[in-house]
Amino acid sequence: MFKYFLKGDSILNDKFMSQLESLHIQLDKNQIEKFHRYYELMIEWNKVMNLTGITDYEEVKEKHFVDSLSITRTMALSSIKSVIDIGTGAGFPGIPLKIAFPHLKIVLLDSLQKRVHFLNKVIEEIELYDIVALHGRAEDYARNPEYREQFDLCVSRAVANLSVLSEYCIPYVKVGGIFIAYKSGNIQDELEQSEMAVKVLGGTIENVEKFNLPQSEIERSLISIKKKKNTGKKYPRKAGLPGKNPIGI
């Protein structure tokens with residue numbers, strides 16, 4: 001088992017390391033320290049802005065860090081180079097992915113400027129490279145040639161309906177790439193409702209991985225959507241329309 005002493009004699013407990021081992025992830029001391037400092041910054045900034053309702057360290061490790069890294073259950077990240085995280089919020093899953101897999105080049109996108117300030121502080125403080133936080137709407141950046149269909153992988157833990165989320169995310173994925181949506185609860189109806197949107201946007205649902213987080217009763221699902229063809233130029237529609245009038249619903 002791994003056990004490292006961190007600042008203030010705090011110990012990143014064996015359960016966290018064991019959970020990561022279940023996901024075939026091993027961290028060195030420097031990576032563990034980055035997770036610890038990330039948590040400290042999140043709690044510090046959470047006092048003045050709403051980043052997360054989960055503040056207990058053990059819960060953050062399980063419900064944010066382990067959850068973000070659970071993507072390894074459904075795909076190997078060793079073959080992935082570029083990632084965009086849509087609606088990243090406090091940096092999930094993008095920052096945990098960057099810490100655990102330093103080779104990834106990551107873009108974090110969020111619509112709230114205050115959260116982007118926080119993300120930039122984290123990036124600076126824990127010395128992450130090849131990662132950038134952007135302020136803006138997914139619908140707008142997806143029309144920028146610098147970002148449209150440029151990524152091997154798009155991820156999102158946003159709470160939007162999968163039809164809406166697909167319109168936000170699939171346009172960023174290059175043909176042959178993958179969009180993975182992190183979901184919880186009963187997703188069957190959502191999956192069925194999203195089939196038309198996924199097809200119209202150039203994708204196909206390839207896999208739905210349902211599981212409990214390691215050593216936990218927390219149920220999660222990872223929906224993998226493969227980009228089969230280019231997304232039509234009309235998508236995503238202008239800001240606000242995807243949520244008000246989802247494709248196929």
Side-chain angles (χ1 to χ4, degrees), residues 67-68 71 74-75 80 82-94 97 106-113 115-116 119 132-210 220-249:
D67 183 56
S68 293
I71 192 173
T74 195
M75 72 179 306
I80 299 297
S82 56
V83 181
I84 186 166
D85 178 5
I86 301 297
T88 187
F92 304 118
L97 290 176
I106 295 183
V107 172
L108 308 172
L109 181 62
D110 198 84
S111 60
L112 189 63
Q113 183 70 68
R115 285 198 290 258
V116 173
L119 296 170
V132 60
L134 299 177
H135 169 237
R137 300 184 67 107
E139 302 98 315
D140 297 330
Y141 270 97
R143 294 196 169 278
N144 185 328
E146 187 177 349
Y147 301 99
R148 186 179 181 87
E149 299 189 324
Q150 296 299 308
F151 295 90
D152 300 321
L153 173 66
C154 177
V155 291
S156 183
R157 286 175 86 215
V159 296
N161 177 279
L162 186 58
S163 295
V164 178
L165 205 55
S166 294
E167 187 168 355
Y168 290 154
C169 294
I170 293 176
Y172 288 95
V173 180
K174 61 177 65 172
V175 174
I178 298 285
F179 161 45
I180 292 185
Y182 290 64
K183 290 286 183 178
S184 60
N186 189 339
I187 60 167
Q188 191 56 44
D189 288 347
E190 196 172 338
L191 278 169
E192 293 173 1
Q193 291 172 355
S194 69
E195 288 180 359
M196 176 63 74
V198 170
K199 182 178 180 180
V200 166
L201 294 161
T204 183
I205 298 174
E206 284 218 327
N207 185 52
V208 179
E209 183 86 6
K210 298 181 180 180
R220 299 294 284 161
S221 297
L222 294 171
I223 303 169
S224 300
I225 296 174
K226 182 89 169 182
K227 182 76 169 278
K228 294 290 190 178
K229 61 181 181 180
N230 297 104
T231 301
K233 292 182 179 180
K234 68 177 288 187
Y235 299 108
R237 292 164 293 168
K238 66 181 182 179
L241 274 181
K244 291 178 181 178
N245 186 24
I247 299 169
I249 297 181

**OP:** Keeping the roles fixed (side chain from Arg148, backbone from Tyr172), state whether a donor-acceptor pair exists under 3.5 Å.
**Re:** no
Original post:
Would you say Leu191 and Val208 make side-chain contact, with heavy atoms under 4.5 Å?
Top reply: yes
Original post:
Do side-chain atoms of Lys226 reach the backbone of Gly176 as a donor and acceptor pair under 3.5 angstrom?
Top reply: yes
**OP:** State, to 0.1 Å, how close Ile180 and Ile178 come at their nearest heavy-atom pair, and which atoms those are.
**Re:** CG1-CG2, 3.5 Å
Original post:
Side-chain contact, heavy-atom cut-off 4.5 Å: Glu206 with Thr204?
Top reply: yes
Subject >> Side chain to side chain, Tyr147 and Leu134, heavy atoms closer than 4.5 Å >> reply: yes
Subject >> Any donor-acceptor N/O pair, Glu149 side chain to Thr231 backbone, under 3.5 Å >> reply: yes
Original post:
Within a strict 4.5 Å, meaning less than it, do heavy atoms of the Pro242 and Glu139 side chains meet?
Top reply: yes
Which pairs would a plain distance check flag for residues 83-94, meaning a side-chain donor or acceptor within less than 3.5 Å of a matching protein atom at least two apart in sequence or in another chain?
from  : atom 1 : to    : atom 2 : distance (Å)
Asp85 : OD2    : Thr88 : OG1    : 2.7
Asp85 : OD2    : Gly94 : N      : 2.9

Original post:
Within a radius of less than 6.0 Å around NZ of Lys199, do more than 12 heavy atoms belonging to other residues, nucleotides or ligands occur?
Top reply: no
**OP:** Compare all side-chain heavy atoms of Glu167 with those of Tyr235 and state whether any distance is below 4.5 angstrom.
**Re:** yes
**OP:** Write down the atom of Leu201, the atom of Ile170, and the distance for their closest heavy-atom approach.
**Re:** O-CG2, 3.4 Å
**OP:** For residues Ser166 and Ile247, determine if any side-chain heavy atom of one lies less than 4.5 Å from a side-chain heavy atom of the other.
**Re:** no
**OP:** Kindly check if the number of other-residue, nucleotide or ligand heavy atoms within 6.0 Å of CE (Met196) is above 12?
**Re:** no
Original post:
Short question: side chain of Glu209, backbone of Leu222 - any donor-acceptor pair under 3.5 Å?
Top reply: no
Subject >> Chi angles and distances behind the side-chain contact (heavy atoms from CB on, under 4.5 Å) call for Ile223, Ser194 >> reply: CA-CA 11 Å; Ile223 303 169; Ser194 69; over 6 Å; no
Original post:
Do Ile71 and Leu153 have side-chain heavy atoms sitting under 4.5 Å apart?
Top reply: yes
Original post:
Can you name the nearest heavy-atom pair linking Asn245 to Arg237, along with the distance?
Top reply: O-NH2, 2.8 Å
**OP:** Measure from the side-chain N and O atoms of Ser82 to the backbone N and O of Asp152, and report whether any donor-acceptor pair falls under 3.5 Å.
**Re:** yes
**OP:** Flag the pair Ser68 / Arg157 as yes when at least one side-chain heavy-atom distance between them is below 4.5 Å, and no otherwise.
**Re:** yes
Subject >> Approximate separation, where rounding is to 0.5 Å, of Lys238 NZ and Asp140 CG >> reply: 12.0 Å
Original post:
To the nearest 0.5 Å, what is the distance between CE (Met75) and CD1 (Ile80)?
Top reply: 3.5 Å
